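All remarks here apply to the structure that follows.
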2 protein chains.
Amino acid sequence: MLKAERHKYIMTKLIEDQKVVTTDLALALDLSEDTIRRDLNELDSKKQLEKVYGGAVQVKQKSANVFDIAISAEEEKKKIVTKALSLLHDDQVIIMSGGSTNLVFAKLIPADLKATIYTYSLPIAMQLSQHPNIDLIFIGGKMQKNAMVTIGMDVIQVVSKIKADICFIGASSINIKQGLTEVGYEISIVKKAMIEASDRVVSMFASNKLNTKMPHGVCDLTQLDTIVTELEPEDERLDEYRKSGVFIL
Amino acid sequence: MLKAERHKYIMTKLIEDQKVVTTDLALALDLSEDTIRRDLNELDSKKQLEKVYGGAVQVKQKSANVFDIAISAEEEKKKIVTKALSLLHDDQVIIMSGGSTNLVFAKLIPADLKATIYTYSLPIAMQLSQHPNIDLIFIGGKMQKNAMVTIGMDVIQVVSKIKADICFIGASSINIKQGLTEVGYEISIVKKAMIEASDRVVSMFASNKLNTKMPHGVCDLTQLDTIVTELEPEDERLDEYRKSGVFIL
DNA sequence: CTAATAAATGCACGATTTTGCAGTTTTAAG
DNA sequence: CTTAAAACTGCAAAATCGTGCATTTATTAG
């Protein structure tokens with residue numbers, strides 16, 4: 001086994017378990033503890049981990065970089081959004097709201113798709129700006145700092161003039177009675193406008209958003225055309241939603 | 001067996017196993033380890049793999065991540081923009097154009113500054129969205145993909161309504177006769193509008209931009225109030241600029 | 001086809017890297 | 001304070017590497 005391999009193994013193990021123990025590694029890799037210690041020291045000096053007595057722990061990344069956006073459960077989200085790729089066609093006019101699920105979606109849009117996309121989310125715009133065939137239009141306005149999206153009258157005004165074919169709306173919460181709901185008032189208003197502006201409305205989210213509720217209403221279920229989760233469309237947890245006429249992908 | 005064949009075999013093997021070992025390859029291909037080593041060194045210098053002690057591993061692809069923006073000569077740019085921090089005051093209305101120098105500037109804006117900033121650059125907006133006390137307004141429009149800025153009529157329209165105290169304009173090129181010039185027509189138009197909208201105009205750039213020229217004019221030197229470079233203000237390379245009335249920081 | 005030239009290969013040998021071990025020091029917990 | 005585990009240090013054996021050089025193989029010009 002090459003040293004480089006070992007280092008990779010150690011780093012993988014470290015991410016899995018949040019820590020590594022010198023003696024365990026020596027046993028697992030069939031090497032002396034001295035060698036493991038030397039490896040850990042080396043990785044420590046390269047700032048890839050932090051050595052502690054008995055092993056090593058993850059280096060606390062100082063994320064001083066705004067630009068690396070952490071996406072939780074990225075693999076699961078990939079599964080969800082992949083289903084929705086079939087909804088995309090050339091020459092569509094598309095509106096995308098924010099959220100990490102939509103961001104993952106943006107990453108996976110095929111390079112040969114020719115379409116026009118409106119968005120008000122900085123990260124999504126960054127992502128799409130490297131797509132070769134998308135006409136990208138950013139909806140300007142006052143920035144909502146934490147969500148990195150624009151809000152306010154300027155946004156509403158622009159959105160209300162769009163005639164879009166399809167709209168991908170991120171969901172904070174969804175339930176049978178109130179439909180989509182949001183934590184922020186400003187964003188709920190903008191999402192309303194986006195839904196109004198589109199022929200078809202799609203919402204993608206993980207199933208833990210089902211049957212939850214936030215203060216501000218966006219729209220009720222009848223206004224959604226399609227919802228996409230990681231569940232099978234026939235899953236019983238979606239029964240109620242299916243009955244209300246939403247198509248489930 | 002030809003060398004090219006061997007290289008192909010090695011690369012295939014590398015993808016299959018995530019690694020190759022010098023001794024194994026020598027045995028499998030019935031060649032001396034020296035030859036294998038020479039092959040690996042060659043492939044390493046062509047960046048097709050990474051040689052390590054005992055063999056080689058796959059090159060770690062540099063995260064095809066849109067979000068990590070490479071800034072060349074960041075330290076030099078820090079030196080430049082630090083000089084300009086003294087121009088910032090609370091309650092100013094500020095316009096910032098794009099460019100990596102402005103991006104470095106955005107990073108260094110003190111956390112306690114309370115101001116309003118307009119920008120049309122995605123990276124700068126991302127950066128400033130982290131700032132606790134800046135009111136940030138993004139100027140929407142069609143995205144110019146490579147520069148990650150918005151362009152077009154929508155942008156002009158918004159900019160023309162701004163009354164800003166100070167404007168930080170990135171420079172592609174500057175010279176005595178033509179003043180600021182740009183490579184793209186669209187961007188030159190937007191920058192013109194930004195300059196019009198501001199009481200005071202500041203441009204920051206490295207000295208290698210001095211005495212160069214691009215196709216599209218933005219403004220002449222008289223419209224610039226201050227320029228900032230890494231040079232001492234008294235440097236003779238700036239003599240001509242100083243004579244034309246620009247303040248040099 | 002032949003001769004001249006360039007490229008590739010294998011070998012020898014000194015230099016470098018890696019690794020485990022023994023002895024000593026440091027650390028953390030009772 | 002005591003003690004056992006963990007870490008560090010120096011060292012030697014083994015593996016791997018780089019380089020100069022001779023030999024073989026391939027290429028090109030005439």
Side-chain angles (χ1 to χ4, degrees), chain A residues 1-65 68 70 72, chain B residues 1-65 68 70-75:
Chain A
M1 168 168 276
L2 303 174
K3 190 163 72 143
E5 268 186 282
R6 271 198 332 259
H7 286 189
K8 196 173 164 187
Y9 175 88
I10 292 172
M11 289 310 297
T12 308
K13 188 90 179 158
L14 182 61
I15 290 169
E16 265 176 30
D17 302 351
Q18 320 278 79
K19 60 156 189 180
V20 289
V21 178
T22 311
T23 53
D24 295 352
L25 284 174
L27 208 62
L29 298 171
D30 193 28
L31 287 165
S32 74
E33 293 181 19
D34 297 82
T35 303
I36 301 299
R37 265 192 282 276
R38 277 187 268 250
D39 283 344
L40 295 182
N41 281 330
E42 208 173 315
L43 290 168
D44 180 275
S45 66
K46 280 195 285 185
K47 304 281 166 73
Q48 296 194 35
L49 51 72
E50 188 185 344
K51 195 168 178 324
V52 297
Y53 193 85
V57 295
Q58 287 179 302
V59 62
K60 48 181 183 284
Q61 64 234 25
K62 50 182 176 181
S63 146
N65 193 349
D68 48 14
S72 63
Chain B
M1 169 169 279
L2 301 174
K3 190 159 73 147
E5 271 185 278
R6 263 192 345 251
H7 286 190
K8 197 171 167 187
Y9 175 86
I10 292 172
M11 290 308 298
T12 309
K13 186 89 178 159
L14 181 61
I15 290 168
E16 262 177 35
D17 302 349
Q18 318 277 81
K19 61 151 187 178
V20 289
V21 177
T22 312
T23 53
D24 294 353
L25 284 174
L27 207 62
L29 298 170
D30 193 28
L31 287 163
S32 73
E33 294 182 19
D34 299 79
T35 303
I36 301 299
R37 262 192 286 277
R38 277 188 266 250
D39 283 345
L40 295 182
N41 281 330
E42 209 173 314
L43 290 167
D44 179 272
S45 66
K46 280 195 285 185
K47 304 279 168 72
Q48 297 194 36
L49 51 72
E50 187 188 346
K51 194 168 179 331
V52 297
Y53 193 86
V57 296
Q58 290 177 303
V59 290
K60 46 180 181 287
Q61 69 262 16
K62 44 163 191 197
S63 71
N65 190 347
D68 46 16
I71 299 175
S72 62
E74 182 161 3
E75 286 311 311

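As the structure is a computational prediction, the values presented were derived from the model and not from experiment. In what follows, chains carry the letters A, B, and so on, assigned in the order in which the sequence lines appear, proteins first and then strands, with residues in each chain numbered from 1.
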How many Å lie between [atom1] on [X] and [atom2] on [N], as a whole number?
X     : N      : atom1 : atom2 : value
A/L25 : C/dT19 : CG    : P     : 14 Å
A/M1  : C/dG20 : CE    : P     : 13 Å
B/R6  : C/dA8  : CZ    : P     : 9 Å
A/I36 : D/dC8  : CD1   : C1'   : 16 Å
A/D30 : C/dG20 : CG    : C1'   : 12 Å
B/K3  : D/dA26 : NZ    : C1'   : 12 Å
A/E42 : C/dT17 : CD    : C1'   : 11 Å
A/L2  : C/dT17 : CG    : P     : 17 Å

With sequence neighbours left out, which residue pairs that include part of residues 25-44 of chain A fulfil the side chain to side chain donor-acceptor pair (under 3.5 Å) condition?
-> A/K3-A/E42, A/R6-A/D39, A/H7-A/D39, A/S32-A/T35

Sugar-phosphate or base contact per nucleotide [nucleotides 14-23 of chain D; S, B, -; heavy atom under 4.0 Å] | -BBBSB----

Once you round to the nearest 0.5 Å, how far does CD of B/E16 lie from NZ of B/K13?
-> 6.0 Å

Going from OG1 on B/T22 to CG on B/L40, what distance comes out if it is rounded to the nearest 0.5 angstrom?
-> 5.5 Å

Would A/L49 and A/I10 satisfy side-chain contact (heavy atoms from CB on, under 4.5 Å), going step by step from the backbone distance to the final call?
-> CA-CA 10 Å; A/L49 51 72; A/I10 292 172; 4.2 Å; yes

Could you say whether B/L31 or A/L31 is positioned toward the 5' end of DNA chain C, judged by the nucleotide with the nearest heavy atom to each?
-> B/L31

Short side-chain N/O contact from B/T35 to OP1 or OP2 of C/dG10, under 4.0 Å | yes

How about B/K47: does its NZ atom have over 12 heavy atoms from other parts shown lying under 6.0 Å from it?
-> no

Is B/E50 close to B/K60 at the side-chain level, that is, under 4.5 Å between some pair of heavy atoms?
-> yes

